[in-house]
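The block underneath contains the structure these notes are about, expressed in structure tokens.
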Amino acid sequence: MTEFAPTQPVGEQPAGYDPAAVERRWQARWETEATNVADLSSGARPFYALMMFPYPSAEGLHVGNLFAFTGNDIYGRFQRLKGHTVFEPMGYDAFGIHSENFALKVGVHPSELIPRNIDNFRRQLKRAGLMVDWTHELSTTDPRYYKWTQWVFLQLYKQKLAYKKKAAVNWCPFDKTVLANEQVVGGVCERCGTAVEQRFLEQWFFRITDYAGRLLANLDKLDWSESTLTAQRNWIGKSEGAEIVFPVQDVMAYAGSATVNEGMSGETTASALEIKVFTTRPDTLFGATYLVLAPEHPLVSQIVADEQRQAVEAYVARAAKQDLVARKTSKEKTGAFTGAYATNPATGQPIPIWIADYVLMEYGTGAIMAVPGHDERDFEFAREYDLPIVRVVAGAGQSADTPLDAAFAETEGCVLVNSSHFDGLTVEDARMAIVTELAAHHAAKPVVNYRLHDWCISRQRYWGPPIPIIYCDTCGVVPVPESQLPVVLPDIEDFRPDDSGVSPLARHEEWYHTPCPQCGKRARRETDVSDTFLDSAWYFLRYPSSDRDDVPFDEELTKRWLPVTSYIGGNEHAVLHLLYSRFVTMVLKDAGFIDFEEPFARFRAHGMIVREGAKMSKSRGNVVNPDQYIDEWGADAFRTYLMFLGPFEEGGDFRDKGISGVKRFLDRLWKSVHDARRDGAADAEVARKLHQTIKKVGEDVPRLSYNTAIAAMMEYMNTLRAGERVPHVDEVRPLVQLASPFAPHIAEELWSVLGEGRSIFDSGWPNYDEALVAEDSVTMAVQVNGKTRGTISVSKTASQDEAMAAALAEPNVAKFVTGAVKRVIFVPGRMLNVLV
RNA sequence: GCUCGGGUGGUGGAACUGGUAGACACGCAGGUCUCAGAAGCCUGUGCCUUCACCGGCGUGGGGGUUCAAGUCCCCCCUCGAGCACCA
């Protein structure tokens, strides 16, 4: 029988790293010690680290949310270590069609469902170890919040920036509901596949177009992701051009007179009607051979000739019936001739007036001058209906007679032809000249047009804040007095929308009828609720003041904390949410409530996470459930992995196997702290690497280059433990601080193991010594004729001669230096290139 | 169609104002430890050729600028996201 000795413990065995225990302990301590509660009224150097708040879905927190929040949290924690008072609030964007549809589907009232979802979200968020100040949590569905959303509406109303008009909306006859454009896919409802209809309904709008110029101009001053700025610029879509007046010819007068008037006198108009068009190419006016009005254009019924009336009305009816989406996607050109003519103010010639659905009522004046020679769409239309095509612009090598077999849209280096006395002018000069000449007869004026539309905020739905308006038969439209806010969303059992196109709120008799605030007579409430984008367009103002019921936001706190120092969110909100927030902020500034007009000083868009190369989706069944990963690896490893898998602003690929790498890093960090020796001194070479690492991480984190910051820490760890080296405590202490924004729980734990009493997040950020960072000798590449042939190790300040000598001493290099040296390129400290 | 991003080893991804391409991590291979395995630790790992050294080739494709190009310029292919008749 063999005797075997029991396993001898080698040295002192540190307790293993148990993420679950560590995380539970520190989350509890942060709560009891209020570690994450920011001193809003007097904390030094306020830093508002905001992330886009989530929609609390029933499925729970998505990794995409957690990816974004972690990225923000790291930046916030870093700024705290740098000495700022950091405010990192959290809330829920819980109103909206999404919640409502889901509630309908599962048959649970949203007022029951949403709080349940929020509880689950809060639980998951807390597990992730975010530095959230939970004392300022908010939900847009809370009457204490939406009271002020309604207040915001009233401020816009007071500024005459809220108005009502009839507008076309998508209507799904099966779901009996209004659909947002993005809910209509290829002309059918995305949920049930029913063909969508168009309905005209009274809607509330905000006059955001009044602010288009300012919203555009301010973009130049913002520290935002370039891609977001571009998206906003494109969305606002400024285009400079001219509005040109085309007099409509009286049908009878025209029929009886074949006179051709000359030039631009514009005096032969026999009808008082005029058609205004917007164009960015006034230089092509001589080529405008017909006009096109949108089918909805108000003048259509007035100008249409009797013999064309039937055809025109049929076309208008057809266009009206067509859903918006199909109309905007179909590129086929259709239209109808009205039988009427207008005078081209440049040529004096009569040109026919058509209607066609490729002209949109909502852009410009709803009418265009068609220049088929130089506009692709007009060209197609002219071909279809056999309308004249005239060349008025000639490019290099072209003349007035060069045939056009396609629209010629170039302008660079082109001159006018067939344009009377403007012939020979460049396109650029002609634009000005023609508008100036027409302007003298009030026939044109320079105009700036924006693609941006007014913001439709009405929703004929249940789950949203009621728009605070009352209709009285005597007093008309009456805003709800601020003292009567909030207009509480009534709790109704059957909130299912019906075929009427009227909000379900109208069915709640005792809510619907209310006394007029002015005359006291029986009046009716507005039954539309507002768009969720309005809820989120001002929430950042509410956070610091979320405990105040008497004001939407406290003046002092707002001064101290806003604009938001750093805002992080997804590019899917690059346009609407950010634009609406900027708009509401400007309006509130103009109304004197705040003293800044741009809400987010800095904005960075984070990337998207995919899983094993594929987009995550329920149908693919590849959705990452954070709970499961946190159970298995711990929140610290999960957070760090999310940040490691790719550049934060680009997103990355979540691969299950990858997480083991960062877990190993944390294990080694744990072990290094527990094993660290306290005797002797730190190693000089390790110290150099340490200082380089402090510098690198400190530069990478503010750039949100988290993946490279983590790689740098791993590299340092490799140095620290190379060849089973036992590190010195001074070598590991700063590393715990560097890692703390990424892995806050283990960092706190190790910080206390190192004997520190206070939270690591109040310990400051380690400094580095620039002198220590610089290497005194460098490895330089040596090339011969541009090919790298070897390396030399020389002092950082070595001269060219010294480097040459060292290089030639290298056999691998000398071998290739066969002839006389013709030229030497020397980049000090970097490389040496010898040309022979 | 337009706008904005991308295309780098077996994989995710590094690379500052042009200056040793492939940091860091996954995976893989070998070693160590172990009764054995797991975990850990150590070593190696772009491709081709070679026992090895040496050498050659390499950042989607093709041209160009430069002593030097993943990086700058031109053309093309391709993937992703957003917008979509905006006059």
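Residue numbering restarts at 1 for every chain, and letters A, B, ... go by the order of the sequence lines.
For CD of A:Glu572, the number of neighbouring non-hydrogen atoms (other residues, nucleotides, ligands) closer than 6.0 Å is greater than 12.
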Review point. Which letters describe nucleotides 12-21 of chain B, given B = protein heavy atom under 4.0 Å from base, S = only from sugar-phosphate, - = neither?
Key: BSS-B--BBS

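Of the residues A:Tyr580, A:Phe533, A:Phe205, the one that meets the ring pair (Phe, Tyr, Trp, His ring centres under 6.0 Å) test with A:Trp455 is A:Tyr580.
For A:Phe654 and A:Tyr641, the ring centers are positioned less than 6.0 Å apart. The distance between the ring centers of A:Tyr358 and A:Phe381 falls below 6.0 angstrom.
The closest donor-acceptor contact from the side chain of A:Asp636 to the backbone of A:Ile746 lies under 3.5 Å. Formation of a donor-acceptor pair under 3.5 Å by the A:Arg655 side chain with backbone atoms of A:Lys657 is not found in this model.
Glycosidic torsion of B:G55 falls outside 90° of 0, placing the base in anti.
Regarding A:Arg281, its CZ atom lies at a distance of 11 Å from the C1' atom of B:A87, rounded to whole Å. As rounded to whole Å, 23 Å separates atom P of B:C85 from atom CZ of A:Arg383. The interatomic distance linking A:Leu642 (CG) with B:A25 (P) rounds to 18 Å, in whole Å. The separation between A:Ile710 atom CD1 and B:A23 atom C1' is 14 Å, rounded to whole Å. In this structure, CD1 of A:Ile275 is placed 15 Å from C1' of B:A87, rounded to the nearest angstrom. If you take CG of A:Asp283 and C1' of B:A87, they are 13 Å apart, rounded to a whole angstrom. Between the CE atom of A:Met713 and the P atom of B:C24 there is a distance of 15 Å, rounded to whole Å.
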Exercise for review: Would you please test A:Asp357 and A:Lys333 for salt bridge (charged side-chain N to carboxylate O under 4.0 Å, His left out) and show each step?
Suggested key: CA-CA 8 Å; A:Asp357 66 4; A:Lys333 295 289 175 290; over 6 Å; no

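Residues from residues 231-240 of chain A placing a heavy atom under 4.0 Å of any atom in RNA chain B, listed by number, are A:Asn234, A:Ser239. Proximity of residues 365-377 of chain A to RNA chain B (heavy atom under 4.0 angstrom from any strand atom) is restricted to A:Ile368, A:Arg377.
Pairing each heavy atom of A:Arg281 with each of A:His374, the nearest pair is NH1-O, 4.4 Å. Closest heavy-atom contact between A:Ala294 and A:Val300: O-CG2, 3.8 Å.
Below the 3.5 angstrom threshold, one finds no donor paired with an acceptor across the side chain of A:Lys815 and the base of B:C54.
With 3.5 Å as the limit, one finds no donor-acceptor pair spanning the side chains of A:Thr334 and A:Tyr385.
Listed pair A:Arg823 / B:A68 fails the phosphate criterion, with no side-chain N or O lying under 4.0 Å from OP1 or OP2. For B:C57, one of the phosphate oxygens OP1 or OP2 lies less than 4.0 angstrom from a side-chain nitrogen or oxygen of A:Lys787.
To the nearest 0.5 angstrom, A:Ile609 atom CD1 is 4.5 Å from A:Phe67 atom CZ. Rounded to the nearest 0.5 Å, atoms CG (A:Leu642) and CZ (A:Phe648) are 10.0 Å apart.
As judged by a 4.0 angstrom heavy-atom cut-off over every strand, A:Phe381 is placed among residues making no nucleic acid contact. Among the atoms of the strands shown, none is found under 4.0 Å from any heavy atom of A:Arg725.
B:C76 and B:C83: their C1' atoms are spaced 25 Å apart (whole Å).
Under the rule for a side-chain hydrogen bond (donor to acceptor under 3.5 Å, both in side chains), the partners of A:Ser672 that lie at least two apart in sequence or sit in another chain are A:Arg721.
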Check your understanding: With Watson-Crick and G-U wobble geometry limited to distances under 3.5 Å, how should the secondary structure of RNA chain B be encoded in dot-bracket form, using | for bases paired to another strand and [ ] for crossing pairs?
Key -> (((((((..(((......[....)))((((((.......))))))(((......)))..(((((..]....))))))))))))....

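Here B:G56 is the nucleotide among B:G56, B:A87, B:C86 with the atom lying nearest to any side-chain atom of A:Arg789.
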Mind listing the N/O atom pairs, protein and nucleotides 37-44 of chain B, below 3.5 Å?
unit_1 : atom_1 : unit_2   : atom_2 : d
B:G40  : OP1    : A:Arg664 : NE     : 3.1
B:G40  : OP1    : A:Arg664 : NH2    : 3.3
B:C41  : OP1    : A:Arg668 : NE     : 3.4
B:C41  : O2'    : A:Glu724 : OE2    : 2.1

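Judged by closest nucleotide on RNA chain B, A:Ser227 is the one of A:Ser227 and A:Val575 placed further toward the 5' end.
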